[in-house]
Novice: 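The structure follows.
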Amino acid sequence: MNDLSLVDPVARARDLAPAIAAAADAIERHRRITEPVLGRLHDARLFRMLYPRSVGGDEVEPAAYIEAVGEVARHDGSVGWCVSIANSIGLFAPYLDLEAARAVFGHPRATSGCRHASWMGAHGTVVEPDGSLRLNNAGRPTVRTWLFPMEQAQLLDNWDPIGLRGTASESYSVADLFVPEEFTGTREDPSLRREPGPLYAFPQQTLYSVGIASVGLGIARGMLDAFIELALRKTPRGTGRLADNAVIQAEVARAEARLGAARCYLIDTVTEIYRRADKVAPIDVLDRARARLAGSNAITSAVAVADWTYKAAGVDAIFSGSPFERRYRDIHTVSQQIQSRDAHYETVGQVLLGNPPEVLL
């Protein structure tokens, strides 16, 4: 294992902050992470935090992962998103045979984001010889994942959203693609994993949602920090300095409390689950729901803080290149993602009231 893996990943993320911030405009413009920043992210092993040690990963505790992703996202939402997704994709490694897992995830520059990737993946159902769909243990159509080298895909260059523009999350097509069975698997059931350990007792989707929540918290933190800096120097026409306004003072305090509380709730919840997790048995439905609730609350809180910050900054927030404009677009792109659905609260409520849904990832 690289000696760097022994260093706190949060410290590694902080060390990269100036380079990420300096490249943010270029990342936005080119719709992908610049090669110098991409290289430094690989060197800092920030794409490998959740990868198993068996494939050269670091297997860090979830709390450190949450903090590191948030620190990266504080300086650029697209880079934070890519760090989160790359780590989440690595959670599929425990479901592959070791040789196949090392082929896909063992290379030190294995990562995600179509233009950054070395391997690609697709999810779909399995059709039996008689034309029926293969069912899982819950009696539902099983969803299987196929992994294949990136060169076998045709990228469509159609990633043109309002936010998170630098993630290179393009669509792709394949034709006459054959994927050997050893490069396929299902992430539906944590009991099917090859890799033991409390980190992998979490379903892949659970830690995926935690990562997205960390991105939201990081973007909102960057906006609030930028607003505090603005308030210390801005004097709107006909009024005093923003920092001397009693309303602004109170709202900054409320925003700080809301963001801090959401972050602590997320970290405390996931850490407590991790410390109780079995090395083999997956975490139960209640713990999955609790982690989902903490992640949903983090995203909701982050969006609320970002919205207040953007409004309070006034015209300073509306210009390209400001500390607010891109972050505002980025966090509202996060808010449209599946992990941000308000329906998650309903699902968690069902679990807490003793009426869990049939499927909870």
Novice: What is the ring orientation for Phe324 with Phe227, classed by angle as parallel under 30°, tilted 30 to 60°, or perpendicular over 60°?
Specialist: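 Phe324 vs Phe227 ring planes: perpendicular.
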Novice: Is there side-chain contact between Leu266 and Asn297, with at least one heavy-atom pair below 4.5 Å?
Specialist: no
Novice: Is the shortest distance from a Lys or Arg side-chain nitrogen in Arg327 or Asp225 to a carboxylate oxygen in the other one below 4.0 Å?
Specialist: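 A salt bridge is absent here (no side-chain N lies under 4.0 Å from a carboxylate O).
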Novice: Any salt bridge linking Asp160 with Arg31? Criterion: basic side-chain nitrogen under 4.0 Å from a carboxylate oxygen.
Specialist: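 Here Asp160 does not pair with Arg31 in a salt bridge, since their nearest N and O are not under 4.0 Å apart.
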Novice: Does one side chain, of Thr300 or Tyr345, offer a donor that lies under 3.5 Å from an acceptor on the other?
Specialist: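 Tyr345 and Thr300 do have a side-chain donor-acceptor pair below 3.5 Å.
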Novice: With a 3.5 Å distance limit and no angle check, can you tell me whether Arg165 reaches the backbone of Pro161 through a side-chain donor-acceptor pair?
Specialist: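 Pair found, side chain donor or acceptor close to backbone of Pro161.
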Novice: Is the closest basic N to carboxylate O distance between Lys311 and Glu251 below 4.0 Å?
Specialist: no
Novice: I'd like to know if Asp287 and Arg290 make a salt bridge, using a cut-off of under 4.0 Å between side-chain N and carboxylate O.
Specialist: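 A salt bridge is present here (some side-chain N lies under 4.0 Å from a carboxylate O).
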Novice: Among Tyr200, Tyr65, Phe92, Phe105, find the one that has a ring pair (Phe, Tyr, Trp, His ring centres under 6.0 Å) with Tyr51.
Specialist: Phe105
Novice: Between Arg221 and Glu256, does any NZ, NE, NH1 or NH2 come within less than 4.0 Å of an OD or OE carboxylate oxygen?
Specialist: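 So Glu256 pairs with Arg221 through a salt bridge.
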Novice: Measuring only between side-chain heavy atoms, which start at C-beta, is Arg292 closer than 4.5 Å to Thr347?
Specialist: no
Novice: Which pair of heavy atoms, one from Ala122 and one from Tyr172, lies closest together, and at what distance?
Specialist: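 Reported closest heavy-atom pair: CB-OH, 3.5 Å.
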Novice: Is the closest basic N to carboxylate O distance between Arg275 and Glu61 below 4.0 Å?
Specialist: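 Salt bridge: no.
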Novice: Please report the shortest heavy-atom distance between Ser296 and Gln339, naming the atom on each side.
Specialist: OG-O, 4.3 Å
Novice: Does the side chain to side chain contact (heavy atoms under 4.5 Å, CB included) test come out yes or no for Ser340 and Val334, once each step is laid out?
Specialist: CA-CA 7 Å; Ser340 305; Val334 172; 4.3 Å; yes
Novice: Begin from the C-alpha positions of Arg288 and Thr206 and carry the test side-chain hydrogen bond (donor to acceptor under 3.5 Å, both in side chains) through to its verdict.
Specialist: CA-CA 7 Å; Arg288 298 182 200 187; Thr206 301; 5.6 Å; no
Novice: Glu28 versus Arg326: any side-chain heavy-atom pair under 4.5 Å?
Specialist: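 Result yes, sub-4.5 Å side-chain heavy-atom pair found.
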Novice: Ion pair present between Glu35 and Arg109, side-chain N to carboxylate O less than 4.0 angstrom?
Specialist: yes
